[in-house]
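What follows is a single structure, written as structure tokens, with notes after it.
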Amino acid sequence: MTATVKYDEVEAGQEIPAAEYRVRRVNLVMYAGASGDFNPIHWNERFAKAVGLPDVIAHGMYTMAQGGRFVTDWAGDPAAVVDYGVRFSSMVVVPDDDEGATITVSGVVEEKLGDKRVVVGLTARADDAKVLSRARAVVQLA
């Protein structure tokens with residue numbers, strides 16, 4: 001595949017519209033199975049509260065993956081992301097109800113590099129908390 005976003009059609013400062021990703025407990029169980037991270041803070045409410053958490057929390061890497069998903073959806077090609085890094089700044093608390101939690105991710109083209117690459121800065125929030133900080137991706141465009 002090749003990115004569908006064209007380098008010549010983006011500018012530094014261009015905003016990428018936000019997307020929302022719903023997170024329910026079942027998503028955390030599926031992620032645990034895929035990643036091998038079965039820490040009970042990600043699926044057992046009693047345990048999570050016993051260790052001082054407000055409730056079950058999403059895996060940090062699951063949250064990071066939603067940022068990556070946002071960038072690959074925008075670019076149109078998962079292979080277009082050539083570098084990606086974040087810092088975890090807050091938890092995504094996932095209640096045991098039909099709604100779960102929502103991670104909202106938005107972005108901005110921060111810089112145009114050579115070789116048709118751009119730096120995309122991401123903002124990821126759950127409720128009023130910024131859950132990822134220093135989130136940046138380098139993306140190879142068409």
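Within the 3.5 Å criterion, the main-chain N or O of D37 finds no donor-acceptor partner in the side chain of H42. Side chain of E11 to main chain of V109: no donor-acceptor pair is present (N/O by atom type, distance under 3.5 Å, no hydrogens or angles). Distance alone, capped at 3.5 Å, is enough to place a donor-acceptor pair between the Y7 side chain and the L113 backbone. Using a distance-only test at 3.5 Å, with no hydrogens or angles considered, a donor-acceptor pair links the side chain of R125 to the main chain of D128. A side-chain donor-acceptor contact under 3.5 Å links Y84 to the backbone of G68. Side-chain atoms of N39 come within 3.5 Å of backbone N or O of I41 as a donor-acceptor pair.
Considering only heavy atoms from C-beta on, F70 stays 4.5 Å or farther from I103 through its side chain. Contact of the D73 side chain with the R69 side chain is registered, since non-hydrogen atoms from C-beta on lie closer than 4.5 Å. In this structure, F88 and V131 have side chains that are not in contact, with every pair of non-hydrogen atoms separated by 4.5 Å or more. A 4.5 Å side-chain heavy-atom check between D96 and V56 finds every atom pair outside the cut-off. Looking at L141 and K112, their side chains never come closer than 4.5 Å, going by heavy atoms from C-beta outward. Taking 4.5 Å as the limit, every side-chain heavy atom of T63 sits out of range of all side-chain heavy atoms of Q66. Contact of the R22 side chain with the E99 side chain is registered, since non-hydrogen atoms from C-beta on lie closer than 4.5 Å.
Interatomic distance, D97 CG to R25 CZ, rounded to the nearest 0.5 Å: 8.5 Å. Taking CG from D127 and OG1 from T102, the interatomic distance works out to 8.0 Å, rounded to the nearest 0.5 Å. Interatomic distance, CG of D83 versus CD of Q140, reported as 12.5 Å (0.5 Å rounding).
Partner of E110 under the salt bridge (charged side-chain N to carboxylate O under 4.0 Å, His left out) criterion, out of R134, R117, R136: R136 alone.
Of all the heavy atoms in T2 and A142, the pair that sits closest is CG2-CB, 4.2 Å. Residues A75 and A80 share a closest heavy-atom pair of CB-CB, 4.0 Å. In plain terms, the two heavy atoms of V94 and G100 that are nearest each other are CG1-CA, 4.4 Å.
By the rule that hydrophobic residues join a cluster once side-chain heavy atoms approach within less than 4.5 Å of another member, V86 and M61 end up as members of one cluster. Under the 4.5 Å side-chain contact rule for hydrophobic residues, Y62 and M64 share a cluster. Taking hydrophobic clusters as Ile, Leu, Val, Met, Phe, Trp and Tyr residues chained together by side-chain heavy-atom distances below 4.5 Å, M30 does not share a cluster with Y21. Follow the hydrophobic side-chain contacts under 4.5 Å out from V105 and you reach L28 in the same cluster. Criterion: ILVMFWY side-chain heavy atoms under 4.5 Å apart, direct or through other members. Under it, W74 and V119 are not part of a common hydrophobic cluster.
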Could you go through V139 and V71, starting from their C-alpha distance and side-chain angles, then the distance that decides it, and tell me whether this counts as side chain to side chain contact (heavy atoms under 4.5 Å, CB included)?
CA-CA 8 Å; V139 184; V71 175; 3.5 Å; yes
